[in-house]
Enquirer: 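First the structure, which I've put down as structure tokens, then a few questions once you've had a look.
Atom set for the values below is all heavy atoms of this structure, side chains included, hydrogens, waters and symmetry mates excluded. Computed from a predicted model, the values in this text were never measured in an experiment. Below, read A as the first sequence line, B as the second, and so on, with proteins coming before strands; counting in each chain starts at 1.
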Amino acid sequence: MDIINHDILIVGGGGAGLRAAIAISQMSPSLKTAVISKVYPMRSHTVAAEGGSAAVLNDDDTHDLHAYDTIKGSDYLADQDAVEVFVRDATNEVRQIERWGCPWNREEDGTIAARWFGGMSRKRTLHAADKTGFHLLHALFQTSLKFDTLKRYDEWHVCALLVDNGKVGGVLALNTRTGVFSILSAKAVILCTGGVGRMYAFTSNAGIKTADGAALTYRAGGPIKDMEFIQFHPSGLMRTGILITEASRGEGGYLFNKDGKRFLENYAPSKMELAPRDIVSRSIIEEILAGRGFKGTYGSYIHLDLRHLGEAKIMEKLPMVRELCLDFAGMDPVYDPIPIRPTMHYTMGGIHCDKDGKTPMPGLFSAGEAACVSIHGANRLGSNSLTELLVFGARAGRTAVEYVSTAKPVSADKLQSLAKDRMDFIQKRYMKAGNGKEKIGAILSELRKTMDEKVGIYRTEEPLKEAIQIIQKLKERFNKITLTQQSRVFNTELTAAMELDNMLEIAHVIAMCAQVRKESRGGHARKDYPTRNDEQFLHHSLTYQGKDGPRRETFPVTITKWQPEERKY
Amino acid sequence: MKHTDNSITEPTKTYRRIMPNTWWLKKGSYTLFMLRELSSVFVAIYAIFLLIRLCALSQGAEIYNSKTAIFNSGWMIALHAVMWVFIMYHMITWFKISGRIFGKKPLSPGLVTIANYIVWVVVSVVLFLIITKG
Amino acid sequence: MAEEIKITVTRYNPDKEAELKTQTFTIPYHNDWSILDGLNYIKAELDGTLTYRWSCRMAVCGSCGMMVNGTPRLTCSTYLNEFYPGEITIEPLANFPIIRDLVVDLTDFMDKLKEVKPWIIRKNKSDENDTSKEYIQTTAQMDKYYQQTLCINCTLCYAACPVYGLHPDFIGPAVIALGYRYNNDSRDQGKDERRKFLASEDGVWKCTVVGDCTEVCPKHVDPSAVIQRTKVDNATNWFFSFLKGKK
Amino acid sequence: MGLLKKINALEPLWWSLFGLGGMIAAFILPVHLFLHGIAIPMGWVSPDLLSYERMMSVLSSPYGIIVKLFLFSIISFPLFHAAHRIRLTIEDLRIGWLNTIMPLISYGGAIVLSVITIVVLFYKLS
Ligand SMILES: Cc1cc2nc3c(=O)[nH]c(=O)nc-3n(C[C@H](O)[C@H](O)[C@H](O)COP(=O)(O)OP(=O)(O)OC[C@H]3O[C@@H](n4cnc5c(N)ncnc54)[C@H](O)[C@@H]3O)c2cc1C
Ligand code: SF4
Ligand code: F3S
Ligand code: FES
């Protein structure tokens with residue numbers, strides 16, 4: 001097999017991956033650095049982020065306040081040392097991206113403007129209309145083009161980490177265009193592959209968010225952290241789950257039930273619509289369960305009302321919301337309330353790493369939604385994620401540069417033999433799956449249904465156990481898949497099979513961790529254990545691949561200044 | 001890109017579609033585009049006609065009058081009518097495009113196009129008066 | 001019987017055949033399905049070998065452009081109900097080489113994207129990474145280029161532009177619009193560097209103002225207008241440097 | 001080839017002339033053609049307007065020079081306008097052999113005709 005040599009390889013061309021790539025290219029242009037992505041970088045899902053990116057810029061705001069909001073939002077599961085680093089670096093990072101061309105909205109005087117966001121006690125969410133992720137990603141991508149030394153592998157699919165004795169030496173990757181597998185060697189690999197959203201049916205996530213990074217690490221023996229924490233965003237457009245940004249509430253939108261009541265006064269009277277997402281999402285579900293939702297072809301929903309903002313404000317601050325409603329719901333928020341319900345949105349958990357992006361495996365780093373640093377703990381505050389991409393993307397990049405200055409590469413022979421093993425596995429598992437009749441599509445929809453119904457916003461012991469059983473069955477069925485597509489060029493059926501395999505693996509972890517965590521914390525809400533239990537569960541869950549299913553360990557939470565207290569809004 | 005290793009990018013056979021020479025007949029907007037381009041031929045012909053008239057003028061009354069007679073013939077008038085239609089089409093497309101080019105904020109494309117038409121009307125009336133009365 | 005709709009798609013597999021083929025599928029009709037939903041149905045239920053790109057399914061990533069009944073469209077935001085009960089023909093984006101089925105080769109576009117230097121260029125390089133404070137830019141200054149930042153690189157405009165089809169070296173609408181976006185950003189000072197590329201033989205002058213690029217653009221970037229403005233700008237610059245005796 | 005390269009390098013010039021000509025053609029030619037090509041020949045307005053005597057007297061009047069400049073601009077610039085468009089259209093129609101020499105023919109033609117116009121207007125007719 002061909003080996004292409006690199007010093008640092010970044011898997012993922014989203015916000016995190018590109019930020020890391022730029023950091024490395026600036027710091028050390030002589031390193032052989034490459035970004036590998038299964039879609040063209042500007043197609044990564046960062047492009048879809050709407051509302052904004054949080055950072056302290058104003059005089060009335062402090063880093064401590066931002067840290068406190070984040071930690072409280074996380075239901076005290078965030079590592080506070082990491083959060084402190086995060087809020088501090090955030091300020092520089094958002095200015096840096098401004099200098100790279102991001103068209104942030106401005107105040108009268110030409111400085112960067114901010115808006116309100118859920119769970120934030122100050123106006124600190126910077127935004128580029130409601131296309132923040134789009135502008136951020138394009139600014140990063142376009143800026144990355146100026147580094148001639150940065151190589152890209154667009155539309156290459158990473159299939160496995162090549163690990164020698166616990167040390168990472170590169171990846172095995174499929175060039176989708178040619179159908180040829182190659183070894184991309186590297187002394188350091190940074191995984192920035194995004195979240196797991198596609199294992200849910202009703203999700204705001206794009207087709208590429210298939211848990212690849214977590215699964216790659218997991219299979220290679222590394223730990224993944226806090227996977228049970230999944231964020232449900234309050235406002236998913238009915239039928240598709242497409243996101244209507246939180247900025248629509250930040251700019252003053254109301255939520256109404258079918259009795260025309262702003263029901264959040266029963267759940268979060270002080271913050272109302274601007275309470276954190278987990279709380280708002282649960283309130284909506286409560287309303288729907290109590291029969292106070294509207295009924296439609298695709299289930300019950302409630303109303304997000306923007307009409308009182310007026311056309312001018314909607315066009316200035318929320319143009320994309322209007323575009324999405326017109327395109328995907330056939331209604332205009334200027335004249336009608338938007339039908340919404342909570343949608344799977346964000347993966348708080350991910351590859352276990354520290355505030356410098358380092359994982360326990362030498363040579364493996366991670367950043368972005370794929371990683372779990374953890375600054376989001378049990379619940380992410382809206383607009384902290386885009387900032388996280390910048391802060392921890394850059395940090396992971398710098399750490400990797402330091403690491404490779406002393407690290408020794410894994411030998412070519414060793415890589416060849418590792419790759420050969422993986423190739424055999426891939427051949428056997430996906431390409432010659434023999435006599436089976438199972439179809440990817442059927443298994444996937446079963447998985448997504450299960451996750452929605454049993455590992456959704458509210459969780460209970462029995463359904464979780466059932467979910468684990470179903471997932472195990474689906475894994476068995478997966479062994480009998482047959483691909484109809486046997487030719488090499490752009491075999492999207494093959495990549496879909498690998499993605500499904502990854503999602504099954506990680507879904508298993510999520511369901512298992514959710515079942516073990518017998519408390520309610522942030523995004524993880526147990527009907528049968530409705531309160532937070534710091535005594536038993538103030539810890540991260542670390543999961544490793546065991547012989548027959550996931551093996552869970554615990555890992556302490558770092559607490560610096562902010563002692564856990566009850567989380568009330 | 002500095003460190004490409006070409007061995008792995010074995011090119012795949014891509015399929016290249018070739019545009020037929022009749023491409024501009026395949027789509028309404030392309031055909032209208034071609035008609036617009038064609039209008040320039042009539043612009044040129046008209047300019048050449050004017051030049052011919054002037055040449056004749058410089059060669060004395062007799063030649064000028066015989067040329068004028070040709071221009072006054074029925075088929076020449078018909079030809080001019082056709083040319084006029086094309087030149088009107090040229091004008092419409094020209095104003096539309098110029099609206100888009102110059103209609104940046106705070107102006108809008110529509111506004112610029114309308115302004116163009118107003119100027120056009122004024123110019124036409126003034127010229128008409130000068131030529132017929134002056 | 002449930003309602004149905006026919007979709008005809010282009011098929012091409014370089015491993016097997018040398019020519020393009022078409023294949024017609026009949027799928028259930030839902031009035032709220034996008035064309036992409038239809039294609040996903042075909043791939044999941046009828047023929048797993050059908051190949052096309054998509055990702056965000058919310059009209060922002062730019063992956064899913066195809067020719068829908070002859071016009072370049074984003075298939076995730078084009079609905080079956082626009083055509084029903086008529087039939088739908090889906091082809092790969094025009095003017096690009098086809099890799100497989102509905103997937104086209106964008107290498108040429110990606111190369112050109114880089115050539116136009118789409119990043120903030122400063123005379124004083126240290127400005128570019130100074131994070132002590134932001135540049136000041138008023139909303140009025142932002143208005144000068146904002147519309148052109150909205151390009152999602154879907155390349156529909158390339159599929160619509162016959163000049164690109166005829167002269168593949170033409171830089172093309174979206175890339176010129178991107179150059180315009182940076183040239184008109186008050187934070188940028190790199191106009192002269194970009195001019196070499198934009199005003200080259202394959203640059204703005206090749207555009208014959210067909211205008212279809214603007215018609216099909218899903219994000220209202222209006223490449224057609226900004227290409228003409230760039231021509232005006234380059235011509236003015238040319239005359240000035242001519243007067244100054246540089247040419 | 002050298003000459004053709006030089007012609008192509010003057011693209012900003014050709015395009016500017018094209019633009020000027022297009023503008024003149026849009027603003028002035030509709031009414032001008034209507035009068036000279038249709039209305040006067042049809043006799044809708046006085047046919048004497050184009051008589052030899054009147055033309056000569058106008059051209060030799062004190063305003064003659066303005067009229068001459070006007071005539072020059074509605075002949076020459078539209079010719080450049082047409083030259084540019086025709087050249088690009090020939091390229092778009094891919095008439096191979098014509099393509100390469102088209103710049104020479106079209107712009108060359110427009111230049112020659114413009115020179116003739118000048119000679120006629122400013123030497124022959126003065
Ligand atoms: C609709 C929506 C709106 C959001 N709005 C906001 C917001 O307003 N504010 C905020 O802070 N956050 C927001 N978020 C969250 C935030 O956008 C994401 O968490 C963030 O963009 C993730 O970025 P990333 O770089 O980690 O990954 P992504 O942008 O998802 O990129 C993943 C990359 O990894 C690559 N990749 C994955 N697997 C492989 C593989 N096997 N081989 C090769 N490459 C691979 C992909 O090609 C892609 O390039 C939003 C999220 C969604 C879904
Ligand atoms: S200019 Fe418009 S059509 Fe062209 S790539 Fe950009 S968004 Fe797509
Ligand atoms: S369609 Fe093509 S020719 Fe110009 S105006 Fe648009 S680029
Ligand atoms: S799928 Fe992203 S634009 Fe259509």
Enquirer: What option among B/N116, B/I92, B/T93 has the most heavy-atom pairs under 4.5 Å with chain D?
Expert: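 Most heavy-atom pairs under 4.5 Å with chain D: B/N116.
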Enquirer: Does a sphere of radius 6.0 Å around CZ in D/R94 hold more than 12 heavy atoms from other residues, nucleotides or ligands, not counting ones at 6.0 Å or beyond?
Expert: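 Yes, enclosed.
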Enquirer: Side chain from CB out, backbone as N, CA, C, O: work out which of these in B/F95 comes under 4.5 Å of a heavy atom of chain D, or both, or neither.
Expert: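 Interface part for B/F95: side chain.
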Enquirer: Taking side chain as everything from C-beta outward and backbone as N, CA, C, O, which of these in D/F72 sits under 4.5 Å from a heavy atom of chain B? Side chain, backbone, both or neither.
Expert: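 Contact with chain B: none, neither part.
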Enquirer: Does any heavy atom of chain D fall under 4.5 Å from the side chain of B/W94, the backbone, both, or neither of them?
Expert: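 The side chain, not the backbone.
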Enquirer: So which part of B/S39 gets closer than 4.5 Å to some heavy atom of chain D, the side chain, the backbone, both or neither?
Expert: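 Side chain only.
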Enquirer: Working to the nearest 0.5 angstrom, can you tell me the gap between B/N65 CG and D/Y52 OH?
Expert: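 If we round to the nearest 0.5 Å, B/N65:CG and D/Y52:OH are 9.0 Å apart.
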Enquirer: Is the closest side-chain heavy-atom distance between D/S106 and D/I86 below 4.5 Å?
Expert: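 Side-chain contact under 4.5 Å: no.
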Enquirer: Report which part of D/L93 has an atom under 4.5 Å of a heavy atom belonging to chain B: side chain, backbone, both, or neither.
Expert: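 Backbone plus side chain of D/L93, per the 4.5 Å heavy-atom cut-off to chain B.
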Enquirer: Shorter than 4.5 Å, heavy atoms on both sides: which option in B/L54, B/L57, B/V123, B/V43 has the most such pairs with chain D?
Expert: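 Heavy-atom pairs under 4.5 Å are most numerous for B/L57.
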Enquirer: About how many Å separate CD1 of D/I65 and OG of D/S60, when rounded to the nearest 0.5 Å?
Expert: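 Atom-to-atom, D/S60:OG and D/I65:CD1 are 12.5 Å apart.
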Enquirer: Please flag which part of D/H84 lies under 4.5 Å from any non-hydrogen atom of chain B: side chain, backbone, both or neither.
Expert: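 Interface part for D/H84: neither.
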Enquirer: Any donor-acceptor pair under 3.5 Å linking the side chain of D/R85 with the backbone of B/E37?
Expert: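 Not a single qualifying donor-acceptor pair exists.
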Enquirer: Any chance you could measure D/L79, atom CG, to D/L113, atom CG, to the nearest 0.5 Å?
Expert: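 One gets 5.5 Å once the value is rounded to the nearest 0.5 Å.
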Enquirer: Treating B/H90 as the side-chain partner and D/G22 as the backbone partner, does any N or O pair qualify as donor plus acceptor under 3.5 Å?
Expert: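 A pair under 3.5 Å: yes.
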Enquirer: With a 4.5 angstrom heavy-atom cut-off, is it the side chain or the backbone of B/M34 that approaches chain D, or both, or neither?
Expert: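 Only the side chain of B/M34 comes within 4.5 Å of chain D.
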Enquirer: Pick one of side chain, backbone, both or neither for B/Y64, based on which atoms fall under 4.5 Å of a heavy atom in chain D.
Expert: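 Only the side chain of B/Y64 comes within 4.5 Å of chain D.
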Enquirer: Which residues in residues 20-29 of chain B have any heavy atom closer than 4.5 Å to a heavy atom of chain D?
Expert: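 Against chain D, the residues of residues 20-29 of chain B that fall inside the cut-off (heavy atoms, under 4.5 Å) are B/P20, B/N21, B/W23, B/W24.
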Enquirer: Below 4.5 Å, heavy-atom pairs only: which of D/I40, D/V119, D/T117, D/V67 has the largest tally toward chain B?
Expert: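 Among the listed options, the one with the most contacts to chain B is D/T117.
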Enquirer: Where on D/D92 is there a heavy atom nearer than 4.5 Å to chain B: the side chain, the backbone, both, or neither?
Expert: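 The answer is both parts of D/D92.
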Enquirer: Any side-chain heavy atom of B/M88 within less than 4.5 Å of one from B/W84?
Expert: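 A side-chain contact exists here, since the closest heavy-atom pair is under 4.5 Å.
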Enquirer: Within the side chain of D/W14, is there an N or O that forms a donor-acceptor pair under 3.5 Å with the backbone of D/Y107?
Expert: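 Such a contact is absent between D/W14 side chain and D/Y107 backbone.
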Enquirer: For D/F122, I'd like to know if atom CZ has over 12 heavy atoms of other residues, nucleotides or ligands within 6.0 Å.
Expert: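 Enclosed.
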Enquirer: Let me confirm one number: the CG-CG distance from D/L104 to D/N8, rounded to the nearest 0.5 Å.
Expert: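 Going from the CG atom of D/L104 to the CG atom of D/N8 covers 10.5 Å.
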Enquirer: Count the heavy-atom pairs under 4.5 Å between each of D/L33, D/V31, D/V120, D/I75 and chain B, then report the option with the highest count.
Expert: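 Greatest number of close heavy-atom pairs with chain B: D/L33.
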Enquirer: Quick check on B/R36 against chain D: is it the side chain, the backbone, both or neither that has a heavy atom closer than 4.5 Å?
Expert: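 B/R36 touches chain D through backbone and side-chain heavy atoms alike.
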Enquirer: In plain terms, say whether D/R87 and D/E11 are close enough for a salt bridge, that is, a side-chain N and a carboxylate O under 4.0 Å apart.
Expert: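 Salt bridge: yes.
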Enquirer: Measure distances from B/F33 to the heavy atoms of chain D and classify the residue's part below 4.5 Å as side chain, backbone, both or neither.
Expert: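 Looking at B/F33, just its side chain touches chain D.
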Enquirer: Specify which of B/A81, B/A61, B/A78 makes the most heavy-atom pairs with chain D at under 4.5 Å.
Expert: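 Of the options given, most contacts go to B/A61.
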Enquirer: Quick check on D/S51 against chain B: is it the side chain, the backbone, both or neither that has a heavy atom closer than 4.5 Å?
Expert: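 Just its backbone gets close to chain B.
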Enquirer: D/W15 vs D/F18 aromatic rings, parallel, tilted or perpendicular, using cut-offs 30° and 60°?
Expert: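 Because their plane-to-plane angle lies in the 30° to 60° range, the rings of D/W15 and D/F18 count as tilted.
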Enquirer: Check whether B/V125 gets within reach of chain D through its side chain, its backbone, both or neither, counting any heavy atom under 4.5 Å.
Expert: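 Neither part.
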Enquirer: Roughly how far apart are B/T113 OG1 and B/I97 CD1, rounded to 0.5 Å?
Expert: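 Reported to 0.5 Å precision, the distance equals 10.0 Å.
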Enquirer: Are a donor atom and an acceptor atom from the side chains of B/H80 and B/Y46 found within less than 3.5 Å of each other?
Expert: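 No pair is found: no donor N or O on one side chain lies under 3.5 Å from an acceptor on the other.
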Enquirer: Side chains of D/H36 and B/F71: does their closest heavy-atom pair fall under 4.5 Å?
Expert: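 The answer is no, as the side chains (C-beta and beyond) never meet within the 4.5 Å cut-off.
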Enquirer: Measure distances from D/L121 to the heavy atoms of chain B and classify the residue's part below 4.5 Å as side chain, backbone, both or neither.
Expert: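 The side chain, not the backbone.
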Enquirer: What part of D/F70 is in contact with chain B, defined as an atom under 4.5 angstrom from a non-hydrogen atom: side chain, backbone, both or neither?
Expert: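 Just its side chain gets close to chain B.
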Enquirer: Specify which of B/L51, B/V119, B/I45 makes the most heavy-atom pairs with chain D at under 4.5 Å.
Expert: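 Winner by heavy-atom pair count: B/L51.
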Enquirer: Once you round to the nearest 0.5 Å, how far does OG of D/S76 lie from CG of B/L50?
Expert: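 Those atoms lie 12.0 Å apart.
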Enquirer: Go through D/A82, D/P30, D/A39, D/A83 and name the one with the most non-hydrogen pairs under 4.5 angstrom from chain B.
Expert: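 Most heavy-atom pairs within the cutoff with chain B belong to D/P30.
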Enquirer: Among the options B/V121, B/I77, B/N72, pick out the one with the most heavy-atom pairs lying under 4.5 Å from chain D.
Expert: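 Between B/V121, B/I77, B/N72, the count favours B/I77.
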